[in-house]
Peer 1: 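Take a look at the following structure, please.
Remember, it's a predicted structure, so these values are computed and weren't measured experimentally.
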Protein chains: 2
Amino acid sequence: MGSETPRRQARGQQRIQQILHAAAAIFAERGYDAATTNAIAAQAGISPGSLYQFFGNKDEIARALATHYAEQLRGLAAETFAPSPAATADLDELVDGLLTQLIAFNIEHPGFKALFARTDMPAGLRAAVQPVHASIHERVAALVAGLLADRPPEDTGRIATVTIQLVRAMMPLICEATNGTREALGRELHQVVVSYLRAQGA
Amino acid sequence: MGSETPRRQARGQQRIQQILHAAAAIFAERGYDAATTNAIAAQAGISPGSLYQFFGNKDEIARALATHYAEQLRGLAAETFAPSPAATADLDELVDGLLTQLIAFNIEHPGFKALFARTDMPAGLRAAVQPVHASIHERVAALVAGLLADRPPEDTGRIATVTIQLVRAMMPLICEATNGTREALGRELHQVVVSYLRAQGA
DNA sequence: TCAAAATACGAGTAGATGCTCGCATTGTCT
DNA sequence: AGACAATGCGAGCATCTACTCGTATTTTGA
C-alpha cells in the first residue's frame with residue numbers, strides 16, 4: 001500500500017531540520033505559492049533530489065513545518081493558556097500575556113504567517129494547516145468558554161473564531177511595522193480584543 | 001514612448017466588460033494566483049489572443065477590475081460615507097449602515113475579495129490594488145477623524161488602518177457562511193468595530 | 001467603394017516548476 | 001569485510017501558463 005518511510009539516520013534527521021528551516025525562510029520571503037522546491041533545496045544547501053528523499057511534495061513540507069510550529073506553540077501556550085483563576089480574573093493581563101507571546105513568536109518565526117495568516121489558501125496548503133488550525137481554535141474556545149461561563153458552546157466557539165481571525169489579520173501589519181509603530185499596533189490589537197470580549201460580557 | 005491603446009469600437013468596449021466580468025468570476029473561483037488568462041478568455045467566450053488585444057497582461061486585468069470595483073464602491077460610499085452630523089452621532093447606526101452595505105457588496109461581487117481581502121499579495125497584484133486601497137483608507141480615515149475630533153491625524157490614520165483590517169479579515173468568513181451563521185458573524189463584526197471605536201473615545 | 005484600423009482567432013513559443021531517475025557515496029549491521 | 005539501506009546528486013522530463021504571431025474578418029471613415 002503506502003510507501004514506507006525509510007529508517008532515518010542521524011544525518012537524515014539533520015537534513016529534515018535544515019529543509020524545514022530553509023522552507024520557513026523561503027515561505028516567509030516569497031509566500032507559499034511563489035516558493036519553489038528548488039529554491040528551498042538551494043537554501044538548504046542540498047540538491048532537489050535530496051529534498052525529495054525526505055518529502056514527497058511541497059504540501060508535505062508545509063504540513064511538516066505547520067506541525068513543527070504547532071509543537072513550539074503548544075509549549076508557549078502551556079505557560080499562557082493555562083486557565084488559572086488568577087489570570088482569567090484580569091482580562092487585560094490575560095490578553096496582554098497572550099498577545100505579547102504571540103507577537104514575539106510571529107516575529108521570531110516569519111514563516112508562520114506565510115502558512116497561517118492567509119485569508120485565502122490553495123487547497124493543498126489549507127489541508128496541510130487545517131489540523132493545526134483546529135487545535136488552536138480548540139484552545140482559544142476553551143479559554144473563551146472560561147471567560148463567558150454563561151454562554152452556550154455555540155456562542156463561545158464563534159467568539160473564538162472571530163478572535164482568532166482578528167489576531168491573524170493584524171499580525172502581518174504588526175510584524176512588518178518597525179520602531180514605535182509596531183508597539184502602537186500591538187496596543188491597538190490589545191484594545192480590539194479586550195473591548196470585543198468585554199462587549200460579549202467578559 | 002509607450003504603446004498607444006487603439007481607438008476602441010463599440011464591440012471592443014463590450015469585450016472589455018465581458019473580460020472583466022469573466023475575470024471576476026475566475027478570480028473568485030480560483031483566487032488570483034491560480035486564475036489563468038486562458039481560463040478567463042474561455043469564460044469570456046473569446047480566444048487568448050483576443051484577450052491580449054485589450055489587456056497587456058494579467059496584472060492589467062486585475063488593475064482594471066480593481067478600478068471598476070472602486071467606482072462602484074464610490075457610488076455606494078457616497079450614500080453612506082457622507083459625514084452628516086446626524087449619522088455620526090449614532091455610532092451604532094453609522095457602523096451598521098456601512099457594514100450592511102459592504103457585506104452586501106462583497107456577496108454580490110465575489111471577485112472583490114480575491115483582489116482585496118488577501119493579507120499577503122504577489123507584487124503585481126499589490127501594485128494593481130494599491131491606489132484603490134489608498135482611496136479606501138483616505139475615506140475611512142476622514143470618517144474616523146470626524147468621530148475622534150480631538151485625536152491627531154497620526155492616531156486617526158492608524159485607527160482607520162486597523163478598522164479596515166478588521167473588516168477585511170472578517171469578510172471572507174461572512175461571505176462563505178450561510179443561513180443564520182452569516183448574520184451572526186455580521187453582528188460580531190459590528191460589535192468588534194463599535195466596541196473598538198468606543199474604546200478609542202468615539 | 002476602398003484602404004486603414006480594429007477585432008478575432010488559436011496553434012505555438014519560451015520559460016518556469018514540481019518532481020524523477022539513474023547512479024555515486026556514505027553509513028549501519030552482522 | 002561485505003551486503004544492504006540511507007543519503008546525495010543534478011540533469012532533465014512532463015506539464016503548465018503567460019503571452020505571441022501570422023493571418024483572417026469586420027468596422028470605420030472619407
Peer 1: Can you check whether B:Arg8 has a side-chain N or O nearer than 4.0 Å to OP1 or OP2 of C:dA5?
Peer 2: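 So the side-chain polar atoms of B:Arg8 never come under 4.0 Å of the phosphate oxygens OP1 or OP2 of C:dA5.
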Peer 1: Pick base, sugar-phosphate or nothing for B:Gln53, based on heavy-atom distances below 4.0 Å to the nucleic acid.
Peer 2: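 Base, at least one base heavy atom under 4.0 Å.
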Peer 1: Considering every strand and a 4.0 Å limit on heavy-atom distances, what is the contact class for B:Ala34: base, sugar-phosphate, or nothing?
Peer 2: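 No contact at all - B:Ala34 keeps every heavy atom at 4.0 Å or more from the nucleic acid.
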Peer 1: Taking CG from B:Leu51 and P from D:dT17, how many angstroms apart are they, rounded to a whole number?
Peer 2: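 My rounded result for the distance is 15 Å.
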Peer 1: Select from B:Asp33 and B:Ala10 the residue whose nearest nucleotide in DNA chain D is closer to the 5' end of that strand.
Peer 2: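 Its nucleotide being nearer the 5' end, the pick is B:Asp33.
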Peer 1: Nearest to the side chain of B:Thr37, heavy atoms from C-beta on, is which of D:dA18, D:dT7, C:dT7?
Peer 2: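 Out of D:dA18, D:dT7, C:dT7, the nucleotide with an atom closest to B:Thr37's side chain is D:dA18.
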Peer 1: Among D:dG8, C:dG18, C:dA8, which nucleotide has an atom closest to any side-chain atom of A:Phe54?
Peer 2: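 Within the option list, the nearest is D:dG8.
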Peer 1: Can you tell me how far P of C:dT17 sits from OH of A:Tyr52, to the nearest Å?
Peer 2: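 Between P of C:dT17 and OH of A:Tyr52: 12 Å.
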Peer 1: Are any of B:Arg15's side-chain N or O atoms less than 4.0 Å away from OP1 or OP2 of C:dA6?
Peer 2: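 For B:Arg15, the contact criterion (side-chain N or O under 4.0 Å from OP1 or OP2 of C:dA6) is not met.
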Peer 1: Of the options B:Val144, B:Thr161, B:Leu147, which is the one that meets B:Thr156 in a side-chain contact (heavy atoms from CB on, under 4.5 Å)?
Peer 2: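 Of all the options given, the one that passes is B:Val144.
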Peer 1: Nearest nucleotide by nearest heavy atom, which residue falls closer to the 5' end of DNA chain C, B:Ser47 or A:Asn38?
Peer 2: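 The residue whose closest nucleotide sits nearer the 5' end is B:Ser47.
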Peer 1: Between B:Ser50 and C:dC9, is there a contact of a side-chain N or O with OP1 or OP2 at under 4.0 Å?
Peer 2: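 Yes, because at least one side-chain N or O of B:Ser50 sits under 4.0 Å from OP1 or OP2 of C:dC9.
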Peer 1: Salt bridge (charged side-chain N to carboxylate O under 4.0 Å, His left out) for B:Lys58 and B:Asp33? Distances and angles first, verdict last.
Peer 2: CA-CA 10 Å; B:Lys58 195 175 163 183; B:Asp33 289 322; 5.7 Å; no
Peer 1: Between D:dC9, D:dT17, C:dT7, spot the one nearest the side chain of B:Thr36, thanks.
Peer 2: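 For the B:Thr36 side chain, the nearest candidate turns out to be D:dT17.
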Peer 1: Mind checking if A:Gly49 touches a base, just sugar-phosphate, or nothing, with heavy atoms under 4.0 Å?
Peer 2: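 It contacts base atoms.
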Peer 1: So what does B:Ile46 touch, heavy atoms closer than 4.0 Å: a base, only the sugar-phosphate, or nothing?
Peer 2: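 Sugar-phosphate contact only.
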Peer 1: When all nucleic acid strands are considered with a 4.0 Å heavy-atom cut-off, which category describes B:Ala41: base, sugar-phosphate, or nothing?
Peer 2: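 Nothing, no heavy atom under 4.0 Å.
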Peer 1: Do B:Gln14 and B:Arg11 have a side chain donor and acceptor closer than 3.5 Å?
Peer 2: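 No, no side-chain donor-acceptor pair sits under 3.5 Å.
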Peer 1: How close or far is atom C1' of D:dA18 from atom NZ of B:Lys58, stated in whole angstroms?
Peer 2: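 In whole Å, D:dA18 C1' and B:Lys58 NZ are 8 Å from each other.
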Peer 1: Just how far, in rounded Å, is P of D:dA6 from CD1 of A:Ile16?
Peer 2: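 Roughly 12 Å, once rounded to whole Å.
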Peer 1: Name the residue from A:Phe116, A:Phe112, A:Phe27 that meets the ring-ring contact (aromatic ring centres under 6.0 Å, His included) definition with A:Tyr32.
Peer 2: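 For A:Tyr32, the ring-ring contact (aromatic ring centres under 6.0 Å, His included) check succeeds only for A:Phe27.
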Peer 1: Check the pair A:Ile159, A:Arg151 against side-chain contact (heavy atoms from CB on, under 4.5 Å), reporting the backbone distance first and the verdict last.
Peer 2: CA-CA 10 Å; A:Ile159 293 169; A:Arg151 303 284 285 271; 3.9 Å; yes
Peer 1: Calculate the interatomic distance between B:Ile40 atom CD1 and D:dT17 atom P; express it in whole Å.
Peer 2: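 About 12 Å, once rounded to whole Å.
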Peer 1: Using the closest heavy atom to pick a nucleotide of DNA chain D for each, name whichever of B:Asn57 or A:Gly45 lands nearer the 5' end.
Peer 2: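 Counting from the 5' end, the first nearest nucleotide belongs to A:Gly45.
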Peer 1: D:dA6, D:dG29, C:dT20: which one has an atom nearest the side-chain heavy atoms of A:Pro48?
Peer 2: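 Nearest to the side-chain atoms of A:Pro48, counting from C-beta on, is C:dT20.
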